[in-house]
Q: 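Pasting a structure below so you can have a look.
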Amino acid sequence: MTTIQTPDILPRILDYSARADPYPLYAELRRTPVALQEDGSYVISTYRELADILHNPHLSSDVRNLAHPMAAAEARTTPSFINVDPPEHDRLRRLAMRHFGPPHTPGLVSGMEPDLRAIVSGLIDDFEGKQRIDIVDDFAYPFPVTVICHLLGVPREDEPRFHVWVNAIIESIDYNPKTDPQEKLDNGVQATKDLRQYLGGLLEQRHGRPGDDLLTRLANDDGPEGRMTDAEIVSTANLLLIAGHETTVNLITNGMLTLLRHPEVLQRLRAEPDLVVRLVEELLRYEPPVHIIPWRAAYSDIAVGDTVIPKGSQIMLMLASGSRDPDRFHDPDRFDPDRQDNQHLGFGSGIHLCFGGPMARLETQIALTELVRRLDGLSLVTDPPPYRPSPVLRGPIHLLVDQN
């Protein structure tokens, strides 16, 4: 394997014109598994190399380990645990997980299933009498937003406020000072400040008060490792609020689009509801909600295959490309819910494996099963649909369907 510069492929992937179908460009990119870019960064696109580096302790998530400063909005605030390294990452993740899953709260996700089904049923009930439905606005967005607001203790009626902030933050994730206007970054920085100030205000109200939501639990947690600071709680809540709905919106929407493009699988899911578990895993491989980790840093020199990435280099991880790698998956461009050995990269891998993956899986399983069970004769209005601007968190911004 030889590392060469491929100056044309990555800009084509990042360009909006490729958003509907970046997979042929990923195939081109995989010809050079570790590709040096003109700016000195490295792009990794093949499964084996991605899996290796995601488990490499010399890969850093801390912006301070980059040789050149980051311009991202998140770089100017107290980082969440996704943007720090062990041992700090491990401590913060453990403190958050005490209230989100095993071993301390093992039944949190499964215990929410009745509530999730009730939310989904209510949203589908509202489709009655509508000839045209937007799967995003009418279903895939309000469902996980309602869930994460409930979990965190964020008032659902405040959604219009933080929706604007979240959109600005996401649009700034892939900010490139060479091609993007400064306004894109400035909006992201301001939105980050506004969202964290809002969450900080909610947190102030929770100290010393009982409650079952995550903000209250974190504010009053006296576990064996002590409490998070208020700044750490706000950073954690900020991460969970954004990641807790944006990725699930994309996964549900990508899933419904994929089913409508594969009517034989849709009909099979209707007849075999238990198929949904394997189907969602295949969706995470075939049409994942997160396509790119836009940056990681080389904590020291890192050997990836035959390439040595120098200390301080920026590294871009093309997760969706790795999950379509023919050297790892048989016939990778085929949607196959019966696929065996499906160790996809849809939720990443290694120490930063998606914190909310179990919840996202359950939400998507319930959403797709109920949509298919209760709605018949759906047809796409536009294919491909319009996509969100971001190449990082990729999914349709609208998915219009008609009920026939």
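Quick note: numbers below take in every heavy atom, side chains included, and nothing from hydrogens, waters or symmetry partners.
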Q: Give the C-alpha distance, both sets of side-chain angles, the deciding distance and a yes or no for salt bridge (charged side-chain N to carboxylate O under 4.0 Å, His left out) between Arg227 and Asp222.
A: CA-CA 6 Å; Arg227 298 184 188 181; Asp222 285 316; 2.9 Å; yes
Q: With no hydrogens and no angle check, is any side-chain donor or acceptor of Arg19 less than 3.5 Å from a backbone partner on Leu14?
A: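 Indeed, once roles are kept as given, a pair shorter than 3.5 Å links the two residues.
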Q: Is any NZ, NE, NH1 or NH2 atom of the basic residue among Asp221 and Arg217 found under 4.0 Å from an Asp or Glu carboxylate oxygen of the other?
A: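 No.
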Q: Please indicate whether Arg64 has more than 12 foreign heavy atoms, meaning atoms of other residues, nucleotides or ligands, lying under 6.0 Å from its CZ.
A: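 No, because the 6.0 Å sphere around CZ of Arg64 holds 12 heavy atoms or fewer from other groups.
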Q: We want to know whether Asn187 and Glu171 form a side-chain donor-acceptor pair, criterion being a heavy-atom distance below 3.5 angstrom.
A: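 Result is no, nothing qualifies.
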Q: Determine, step by step, whether Ile242 and Leu195 satisfy the side chain to side chain contact (heavy atoms under 4.5 Å, CB included) criterion, reporting the C-alpha distance in whole Å, the side-chain angles of both residues, the deciding distance to 0.1 Å, and the verdict.
A: CA-CA 10 Å; Ile242 296 174; Leu195 179 55; 4.1 Å; yes
Q: Inspect the contact between Glu49 and Arg30 and indicate whether a charged nitrogen and a carboxylate oxygen are less than 4.0 angstrom apart.
A: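 Judged by the 4.0 Å cut-off on N to carboxylate O distance, Arg30 and Glu49 do not form a salt bridge.
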Q: Is the shortest side-chain N to carboxylate O distance from Arg94 to Glu225 below 4.0 Å?
A: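 Here Arg94 pairs with Glu225 in a salt bridge, since their nearest N and O are under 4.0 Å apart.
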Q: State whether a side-chain donor-acceptor pair under 3.5 Å links Tyr286 with Glu281.
A: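 The answer is no; no qualifying pair exists.
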Q: Decide whether Ser235 and Arg196 meet the rule of one side-chain donor and one side-chain acceptor closer than 3.5 Å.
A: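 Their side chains do contain a donor-acceptor pair, which is all the 3.5 Å distance test asks for.
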Q: Ignoring hydrogens and angles, state whether a donor on the side chain of Glu159 or Tyr141 is under 3.5 Å from an acceptor on the partner side chain.
A: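 A pair is found: one side chain offers a donor N or O, the other an acceptor, under 3.5 Å apart.
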Q: One pair to check against salt bridge (charged side-chain N to carboxylate O under 4.0 Å, His left out): Arg324 and Asp331. What are the steps and the verdict?
A: CA-CA 9 Å; Arg324 292 274 193 120; Asp331 198 6; over 6 Å; no
Q: If you count heavy atoms of other groups shown closer than 6.0 angstrom to CD of Glu264, is the number above 12?
A: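 More than 12 within 6.0 Å, yes.
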Q: Is it the case that over 12 heavy atoms from other parts of the model lie below 6.0 angstrom from the NE2 atom of His207?
A: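 Enclosed: over 12 neighbouring heavy atoms sit under 6.0 Å from NE2 of His207.
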Q: Parallel under 30°, tilted from 30 to 60°, perpendicular over 60°: which one fits the rings of His291 and Tyr26?
A: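 The rings of His291 and Tyr26 sit tilted, inter-plane angle from 30° to 60°.
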Q: Salt-bridged, Arg261 to Asp383, with N to O below 4.0 Å?
A: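 Asp383 and Arg261: salt-bridged.
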Q: Could you go step by step and tell me if Gln190 and Asp194 meet the side chain to side chain donor-acceptor pair (under 3.5 Å) rule?
A: CA-CA 6 Å; Gln190 186 60 51; Asp194 291 342; 2.9 Å; yes
Q: Check this for me: does any side-chain nitrogen of one of Glu370 and Arg373 sit under 4.0 Å from a carboxylate oxygen of the other?
A: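 Salt bridge present between Glu370 and Arg373.
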Q: Can Ser300 and His58 be counted as having a side-chain donor-acceptor contact under 3.5 angstrom?
A: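 Result is yes, a qualifying pair exists.
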Q: Do Phe335 and His262 have ring centres separated by under 6.0 Å?
A: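 Here the rings of His262 and Phe335 have centres that are less than 6.0 Å from each other.
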Q: Could Asp336 and Arg278 be called an ion pair, given the rule that one side-chain N must be under 4.0 Å from one carboxylate O?
A: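 No.
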Q: Tell me if a side-chain donor or acceptor on Glu88 pairs with a main-chain N or O of Asp85 at a distance below 3.5 Å.
A: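 No: the side chain of Glu88 does not pair with the backbone of Asp85.
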Q: Quick one: which residue pairs count as a ring-ring contact (aromatic ring centres under 6.0 Å, His included) with a foot in residues 381-404, not counting sequence neighbours?
A: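 Found none.
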Q: Taking the six-membered ring of Phe329 (Phe, Tyr or Trp), confirm whether the NZ or CZ of Arg285 is under 6.0 Å from its centre and within 45° of its axis.
A: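 Judged by the rule, Arg285 and Phe329 form a cation-pi pair.
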Q: State whether the number of non-hydrogen atoms from other residues, nucleotides or ligands found under 6.0 Å of Gln340 atom CD is greater than 12.
A: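 No, CD of Gln340 has 12 or fewer neighbouring heavy atoms, counting only those of other groups under 6.0 Å.
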Q: Taking all non-hydrogen atoms of both residues into account, name the closest pair between Leu353 and Gly348 and its distance.
A: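 Answer, listing the atom of Leu353 first, then Gly348: CD1-O, 3.5 Å.
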Q: Using a strict 4.0 Å threshold on nitrogen-to-oxygen distance, state whether Asp62 and Arg296 make a salt bridge.
A: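 Salt bridge: no.
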Q: Quick test of your reading of the model: are Asp402 and Arg132 salt-bridged, counting only N-O distances below 4.0 Å?
A: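 Yes.
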Q: Is it the case that the side chain of Asn220 and the backbone of Gly208 share a donor-acceptor pair, with hydrogens and angles ignored and the cut-off at 3.5 Å?
A: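 Side chain of Asn220 to backbone of Gly208, a donor-acceptor pair under 3.5 Å: yes, one is there.
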Q: Near Asp212 CG, under 6.0 Å, is it more than 12 heavy atoms from other residues, nucleotides or ligands?
A: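 Open: at most 12 neighbouring heavy atoms sit under 6.0 Å from CG of Asp212.
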Q: What orientation do Phe81 and His89 show, parallel under 30°, tilted 30 to 60°, or perpendicular over 60°?
A: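 Plane angle over 60°, so perpendicular.
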Q: Quick one: does any side-chain atom of Thr248 pair with a main-chain N or O of Ala360 as donor and acceptor, under 3.5 Å?
A: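 Absent.
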Q: Between Ser61 and Asn83, is there a donor-acceptor pair closer than 3.5 Å when you use the side chain of the first and the backbone of the second?
A: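 It does not hold such a pair.
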Q: Are Arg206 and Asp213 close enough for a salt bridge, meaning some N to O gap below 4.0 Å?
A: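 The answer is yes: the pair qualifies as a salt bridge.
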Q: Any donor-acceptor pair under 3.5 Å linking the side chain of Arg339 with the backbone of Arg334?
A: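 Here the side-chain-to-backbone pair exists.
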Q: Please say which of Ile292, Ile170, Asn250 ends up in a side-chain contact (heavy atoms from CB on, under 4.5 Å) with Ser390.
A: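 Of the listed options, the one satisfying the test is Ile170.
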Q: Report the relative orientation of the aromatic rings in Phe143 and Phe139; use parallel for angles under 30°, tilted for 30 to 60°, perpendicular for over 60°.
A: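 Correct class here is tilted.
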Q: If we count only N and O atoms by modelled type, under 3.5 Å, do the side chains of Arg209 and Thr216 hold a donor and an acceptor together?
A: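 Side chains of Arg209 and Thr216: no pair found under 3.5 Å.
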Q: Are Asp39 and His68 close enough that a side-chain donor and a side-chain acceptor fall under 3.5 Å?
A: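 No, because no side-chain N or O of Asp39 sits under 3.5 Å from a partner of the opposite role on His68.
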Q: Donor-acceptor check, side chain of Glu272 to backbone of Arg270, threshold 3.5 angstrom: yes or no?
A: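 Side chain of Glu272 to backbone of Arg270: no pair is present.
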